[in-house]
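This report refers to the structure that appears directly beneath it.
Note: hydrogens, waters and symmetry copies are ignored here, and every other heavy atom, side chains too, is used. Remember, it's 1-based here, ligands and their atoms both numbered in the order they're listed. What you see is a predicted model, and the numbers here were worked out from it, not measured in a lab.
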Amino acid sequence: MLAVEGLNAWYGQAQALFDVRLSVGEGELVVIQGLNGAGKSTLLQSLIGIGPRAHGRITWQNAPIQTWPAHRRAQAGLGFVAEDRRLFTGLSVKENLWIAAHSRTKAQTTPAQRFEHVMALFPQLQTMLHRPASQMSGGEQQMLALARTLMTGPRLLLLDEPCEGIAPVLVAAMRDALLQLAREGVAMLVAQQNNILAQHAQRVLVLTSGRMDLAA
Ligand code: ATP
């Protein structure tokens with residue numbers, strides 16, 4: 001489904017990724033672990049096409065996509081949720097969701113079906129549809145960020161620390177939602193320092209100073 005070979009990335013002269021190689025199969029949950037600064041965010045950003053200068057082969061469903069701009073990668077089914085969420089804070093929950101609804105042309109479901117699906121996945125959001133995103137807790141914002149990406153109908157989710165900095169009760173809700181998506185066949189590549197998802201993953205990869213250490 002996704003295959004990455006020889007991926008290198010640089011911030012100016014400083015190299016952040018060194019010959020990274022990885023793959024994610026159909027419906028697989030793959031976790032990337034690593035210390036702060038190991039390169040997890042840089043890797044996910046490079047895959048969606050918003051990272052620093054990068055070079056390497058990225059193949060998505062048999063197409064070489066490394067030269068594609070981010071919006072084309074998203075339209076092809078890659079969904080990214082950044083660690084900082086990047087919500088439209090002045091817009092309501094509902095507006096944040098619907099603004100993303102039409103952005104993928106090849107999704108197999110309708111926007112209305114996807115809306116129903118994210119409401120079932122995150123019942124918490126149902127009760128705050130008209131609330132501005134700026135008036136939500138960190139965990140609620142994280143759910144909204146994931147829900148918004150799901151509105152694009154992604155085939156593979158790239159998630160940067162989805163459970164970071166949120167209340168324990170919402171960590172459990174987020175974990176359960178992600179495991180539900182995995183059961184539904186959505187493939188996921190998740191950067192996560194802790195073991196919340198690693199224990200459920202098909203594979204756990206470890207990044208150390210920009211290098212992929214071992215694949216378990
Ligand atoms: P964290 O969990 O702390 O976000 P990470 O594993 O995601 O860490 P990255 O954020 O990808 O790591 O950082 C990888 C390396 O690239 C680090 O050495 C970091 O200092 C550097 N780096 C990240 N962003 C930038 C930037 N905008 N400009 C320059 N260097 C950067």
| field | Pairwise distance CD1(I99) to CD(E95) - rounded to 0.5 angstrom | value | 7.5 Å

| request: Sort out the contact shell of ligand 1: every protein residue with a heavy-atom distance below 4.0 Å, listed by chain and number. | output: Y11, A16, L35, N36, G37, A38, G39, K40, S41, T42, E83, Q193

| field | Test applied, side-chain contact (heavy atoms from CB on, under 4.5 Å); reference residue, L159; option that passes from L197, L189, L178 | value | L178

| Could you give all pairs that pass the ring pair (Phe, Tyr, Trp, His ring centres under 6.0 Å) test and reach residues 110-162, with sequence neighbours left out? | W98-F115

| field | Qualifying ring pair (Phe, Tyr, Trp, His ring centres under 6.0 Å) pairs with a residue from residues 9-44, counting only residues at least two apart or across chains | value | none

| field | Flag, side chain of E83 to backbone of E161, donor-acceptor distance under 3.5 Å | value | no

| task | For R72, check salt bridge (Lys or Arg N to Asp or Glu O under 4.0 Å) against everything at least two apart and list the hits. | result | none

